[in-house]
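One structure below.
In what follows, every heavy atom counts, from backbone to side chain, and hydrogens, waters and symmetry copies are set aside. Every chain is numbered from 1 and lettered A, B, ... according to where its sequence line falls, protein lines coming before strand lines.
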2 protein chains.
Amino acid sequence: MTDSVKPRARAADKRRRLATEAARILHEQGVERTTLADIARAADVPVGNVYYYFKTKDELVLAALSEHSAHLDELTNRLDQLPDPRDRLKTLIEAWIDQREVAARYGCPTGTLAVELDKRADGTLDAEAGTVVRRLLEWSGDQFRALGLSDPDDHALTLISAYQGMSLLANALRDPDIMARQGARLLHWLDSLEAPDQTT
Amino acid sequence: MTDSVKPRARAADKRRRLATEAARILHEQGVERTTLADIARAADVPVGNVYYYFKTKDELVLAALSEHSAHLDELTNRLDQLPDPRDRLKTLIEAWIDQREVAARYGCPTGTLAVELDKRADGTLDAEAGTVVRRLLEWSGDQFRALGLSDPDDHALTLISAYQGMSLLANALRDPDIMARQGARLLHWLDSLEAPDQTT
DNA sequence: GTCTATAAATTGATAGAC
DNA sequence: GTCTATCAATTTATAGAC
């Protein structure tokens, strides 16, 4: 009875471990330079066994993307607990600054994945990374909208664009300080935004 | 006499053709997904002959980077003809907007290369893409400095970061309009910048 | 469900004829 | 200088034993 449960639990565990390690290694090494053997080794799973859980390498990439997507959900859910939309956005920016060392070393996980997946002939995964970015854009737009700002979606575009840009530059120049400086500027920018006066 | 010149001229031509096509194809397909055969075919050079001009694939990547670097030089030299630094920056932004279709399809050539080269274990090419970005940062910083603005280097960082960010988003979402909208915002931002009053 | 062995294909790079 | 043929290594994916 107990024996029939354990293997199943371990099987689900292996799948999760593979997805988790895939997310980490694909971020660090990139999609093309990462072999299935790399991921299998990190997840402590024999190479041939990988195909029992993921039929192709693309499916593993997709699983990694889902991991990042889940992390994003977790973060926005936590931010939604804050009553003030402006505080939510500020806390988001502070989270980016906190991650500056990782960003300087490997870039934004979703952003670099988007760049890499775009260069693939397949065409099946091209849009997937865009979906994650779009969700972040929509959540940000909601916050600007709640603040009563005009053009909330343009503000969201500016914010996320700034994040992707500073991550890329921090990564290209290997300088985490870029994240800190541009992050501080974004915080100041947020403070300067005012809703149009509705009383007139 | 004339015969001895022709082959030499054609040899230099082949090298240039290889570099030109490498720059184009590496931008479109990415470094890892582009084979030497791809570049050789596009440059109309037999595969085995490529190694006479470039000893390794990395050297071809480096040559492609030099091409992009030369294009950047050409652009800034042209912009330097304009008397007003602010006009130089505005014309630069307008050039970005003009390239929106290419950016939406393949991203910024230097930016995507920087992302890809960072993911390589080699370590020899990691810094090379950063060098090109840094030159653009320095040129921009010079313009802000000429305008008498405080923190010219931070302004440059904001500008180039915005460019990289909007290119990445336009590419990830396959939407050239993002370049147009964010470009317009940058133009407005440039107009709003004022030098600190020196008379007081 | 798990794992080993190996197939099948691709690709960076070289040898050597012309 | 130019090109063909090919090597050597890597990597995705499968077949089949346990």
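Atoms OG1 and CD, from Thr34(B) and Glu28(B) in turn, are 9.0 Å apart once rounded to the nearest 0.5 Å.
Nearest heavy atoms, Leu125(A) versus Leu117(A): O-CD1, 3.8 Å. Smallest separation of non-hydrogen atoms from Ala195(A) and Gly148(A): CB-O, 3.7 Å.
For the pair Arg33(B) CZ and dT10(C) P, the interatomic distance rounds to 12 Å; values are reported in whole Å. The CZ atom of Arg41(A) sits 12 Å away from the P atom of dT12(D) (whole-angstrom rounding). We find that CG of Asp38(B) is positioned 12 Å from C1' of dT10(C), with the value rounded to whole Å. A straight line from NZ of Lys14(B) to C1' of dC3(D) spans 8 Å, rounded to a whole angstrom. Counting to the nearest Å, the P atom of dA5(C) and the CG atom of Asn49(A) are 15 Å from each other.
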When you check every protein heavy atom under 4.0 Å of nucleotides 12-18 of chain C, what one-letter string (B, S, -) results, 5' to 3'? SBB----

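Out of dG1(C), dG1(D), dC3(D), the shortest distance to the side chain of Tyr53(B) is found at dG1(D). With distances taken from any side-chain atom of Pro46(A) to the nucleotides dT2(D), dT4(C), dT2(C), the minimum falls on dT4(C).
Pairs of residues two or more places apart, or lying in two chains, that qualify as ring-ring contact (aromatic ring centres under 6.0 Å, His included) and include a residue from residues 24-48 of chain A are His27(A)-Tyr106(A).
Look at Arg135(B) and Asp73(B) and you find a salt bridge, because one of the NZ, NE, NH1 or NH2 atoms lies within 4.0 Å of a carboxylate O, short of that distance.
Close to dT2(D), at under 4.0 Å from its OP1 or OP2, lies no side-chain N or O of Tyr52(B).
Shown here are the salt bridge (Lys or Arg N to Asp or Glu O under 4.0 Å) partners of Arg145(B), two or more places apart in sequence or in another chain: Asp142(B), Asp153(B).
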